[in-house]
Amino acid sequence: MRVVVGMSGGVDSSVAALLLKQQGYDVTGVFMKNWEEQDENGVCTAESDWRDVRDVCDAIGIPYYAVNFAKEYKDRVFSLFLSEYRAGRTPNPDVLCNREIKFKAFLDFAMQLGADKIATGHFVNTNAQGQLLRGADQNKDQSYFLYMLKAFQLQKSLFPVGHLTKAQVRDIARDAGITVAEKKDSTGVCFIGERDFKQFLATFLPAQPGAMVTPEGEIVGCHDGLMYYTLGQRRGLGIGGRGDGRSFFVVDKDLQNNRLIVVQGEDHPLLYTTGAVAVQATFVEEALPEGVPCKLSAKFRYRQPDQGVTVVRAGEQLHITFDTPQRAVTPGQSTVLYRGDVCLGGGIIDQIER
RNA sequence: UGGGGUGUAGCCAAGAGGUAAGGCACGGGACUUUGACUCCCGCAUUCGUAGGUUCGACCCCUGCCACCCCAG
């Protein structure tokens with residue numbers, strides 16, 4: 001069985017490749033370069049990761065390739081990312097990246113190479129029915145990022161580290177003498193990486209400064225452009241020493257008047273939401289029945305503890321009522337639904353109800 | 001230019017003769033395959049300014065400056 005492993009140069013995908021090789025698969029490593037950028041010295045910022053991939057593949061004894069999906073990434077992920085920000089929302093590019101790039105462009109590419117399956121280092125599992133399951137490591141479970149996938153994509157995918165904990169993965173890497181065993185986990189937008197987010201956005205979207213106001217209309221500061229802020233955000237507002245001295249948080253964006261609405265105090269009622277409407281509902285396998293309230297659990301952001309919700313599907317919309325008020329649920333972000341350990345799917349938050 | 005008041009870090013604010021609390025903001029780090037949240041650490045050799053008293057002053061005295069209020 002031929003398997004093409006998407007390798008990032010990190011521990012997880014390296015161990016994924018190693019395990020598959022040990023299990024007797026015909027393994028090929030493929031490094032995806034999806035973002036064209038060079039550092040101040042003119043060196044591609046992905047160069048060191050590519051080097052790590054080559055080192056690891058050599059050590060494991062598997063062939064490797066590099067592919068470039070920068071155009072696909074830009075067209076299918078990044079353009080939407082930008083338009084969402086323009087619309088005053090806070091998108092999650094990585095859920096799209098998985099649907100459009102890793103489990104589409106990359107999957108297609110692997111199939112053309114004659115692969116039977118692809119594999120990645122995601123901490124998730126699948127079962128025989130093609131369902132998406134949480135990873136065994138509760139703390140690293142990445143099903144949130146894969147909720148937009150369909151069963152047919154999962155059926156062509158292997159997740160060799162999904163049943164392991166992060167610590168076990170590092171142990172395996174260490175025991176095998178893999179050079180990236182202690183490499184720090186990468187963060188930031190997938191393929192783009194960690195960086196000053198405001199600065200990064202500023203290079204793509206024009207800024208339009210305006211006022212920061214309280215719900216009562218009092219002007220308490222100036223913002224640098226609405227797209228630089230997200231609901232629930234505290235840092236970067238620059239408002240200090242007002243009122244009772246507590247922190248301010250973003251609760252709304254008034255695009256019409258180019259105003260950022262802020263409140264004082266982490267427990268302000270406007271920071272809490274009792275329900276939401278999600279659009280572009282997608283289900284891994286079977287859609288929720290139309291119009292029938294379903295008691296499920298949900299996450300509104302990665303690594304959030306499960307929240308009890310009642311969901312009613314209406315076409316491509318999900319009407320979600322929270323068991324307990326949720327803090328800073330943000331339009332543009334994804335709500336992901338679970339029944340036990342099964343990730344059912346989810347949608348993109350469009351409206352919030354207070 | 002008569003009277004009263006206030007001047008402590010970017011902002012708010014303790015302090016009250018014994019050698020500068022705290023909060024917010026900000027900076028750094030941790031956490032994290034989105035954006036956030038959260039957590040930890042840091043952040044006035046100096047108290048409008050110039051002198052004086054004192055072993056010792058942000059706290060007492062004097063001059064000056066600035067701002068505020070009430071009278072004009």
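Lettering of chains follows the sequences in order, A, B, ..., and the numbering in each one begins at 1.
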task: Rounded to the nearest 0.5 Å, what's the gap from CD1 on A/Ile118 to CG on A/Leu107? Could you check?
output: 4.5 Å

Residues that, via side-chain heavy atoms closer than 4.5 angstrom, fall in one hydrophobic cluster with A/Val277: none

- prompt: Under the ring pair (Phe, Tyr, Trp, His ring centres under 6.0 Å) test, which residues partner A/Phe248, sequence neighbours left out?
  reply: none

field: Same-atom distance (C1') from B/U49 to B/C12, integer angstrom
entry: 24 Å

- prompt: Which part of the nucleic acid does A/Thr330 contact within heavy-atom distance under 4.0 Å: base, sugar-phosphate only, or nothing?
  reply: base

- request: List in chain and number order the residues that pass ring pair (Phe, Tyr, Trp, His ring centres under 6.0 Å) with A/Phe109, two or more places apart in sequence or in another chain; answer none if no residue qualifies.
  value: none

task: Please work out the stems of RNA chain B from pairs that are Watson-Crick or G-U wobble with both distances under 3.5 Å, keeping only runs of three or more consecutive pairs.
output: B:2-7 with B:65-70, B:10-12 with B:22-24, B:26-30 with B:38-42, B:48-52 with B:60-64

message: Tell me which residues in residues 221-231 of chain A lie within less than 4.0 Å of RNA chain B, going by non-hydrogen atoms.
response: A/Thr230, A/Leu231

- line: The complete set of salt bridge (charged side-chain N to carboxylate O under 4.0 Å, His left out) pairs with one or both residues in residues 139-163 of chain A, sequence neighbours excluded, reads A/Lys140-A/Asp185

- prompt: Taking the nucleotide of RNA chain B with the closest heavy atom to each, which residue, A/Glu266 or A/Leu146, is nearer the 5' end?
  reply: A/Leu146

field: Set of side chain to side chain contact (heavy atoms under 4.5 Å, CB included) partners for A/Lys295, sequence neighbours left out
entry: A/Thr310, A/Asp323

field: Shared-cluster residues of A/Val213, by chain and number - hydrophobic side chains joined below 4.5 Å
entry: A/Ile219, A/Phe249, A/Val251, A/Ile261, A/Val263, A/Leu270, A/Leu271, A/Tyr272

query: In residues 72-87 of chain A, what residues come within less than 4.0 Å of RNA chain B, judged by heavy atoms?
result: A/Tyr85

query: For RNA chain B, what residues of residues 236-247 of chain A have any heavy atom nearer than 4.0 Å?
result: A/Gly236, A/Leu237, A/Gly238, A/Ile239, A/Gly240, A/Gly241, A/Gly245, A/Arg246, A/Ser247

query: NA contact type, A/Phe197, heavy-atom cut-off 4.0 Å: base, sugar-phosphate, or nothing?
result: sugar-phosphate

field: Partner residues of A/Gln233 under the side chain to side chain contact (heavy atoms under 4.5 Å, CB included) criterion, sequence neighbours left out
entry: A/Tyr229, A/Thr230, A/Val250

- line: Per the glycosidic torsion and the 90° limit around 0, nucleotide B/C37 is syn

query: Does B/U32 have OP1 or OP2 sitting under 4.0 Å from an N or O in the side chain of A/Lys184?
result: no

field: C1' spacing across the pair B/G7 / B/G15, given as an integer number of angstrom
entry: 15 Å

- prompt: Can we call the ring centroids of A/Phe204 and A/Phe81 under 6.0 Å apart?
  reply: no

message: I need the OH-P distance between A/Tyr272 and B/C37, as an integer number of Å.
response: 14 Å

query: Is the distance between the ring centroids of A/Phe31 and A/Tyr64 less than 6.0 Å?
result: no

- line: Sorted by chain and residue number, the side-chain hydrogen bond (donor to acceptor under 3.5 Å, both in side chains) partners of A/Asp52 (sequence neighbours excluded) come out as A/Lys183

field: Over-ring placement of A/Lys299 relative to A/Tyr338, 6.0 Å and 45° cut-offs
entry: yes

query: Quick one: does A/Tyr144's side chain have a donor or acceptor within less than 3.5 Å of a partner on A/Ser334's backbone?
result: yes

message: Could you check whether atom NZ of A/Lys74 has more than 12 heavy atoms from other residues, nucleotides or ligands sitting under 6.0 Å from it?
response: no

query: Are OP1 or OP2 of B/C37 and a side-chain N or O of A/Arg235 less than 4.0 angstrom apart?
result: no

field: Nearest-nucleotide comparison on RNA chain B, the residue closer to the 5′ end among A/Asn139 and A/Val329
entry: A/Asn139

- prompt: Just how far, in rounded Å, is C1' of B/U34 from CD1 of A/Ile348?
  reply: 12 Å

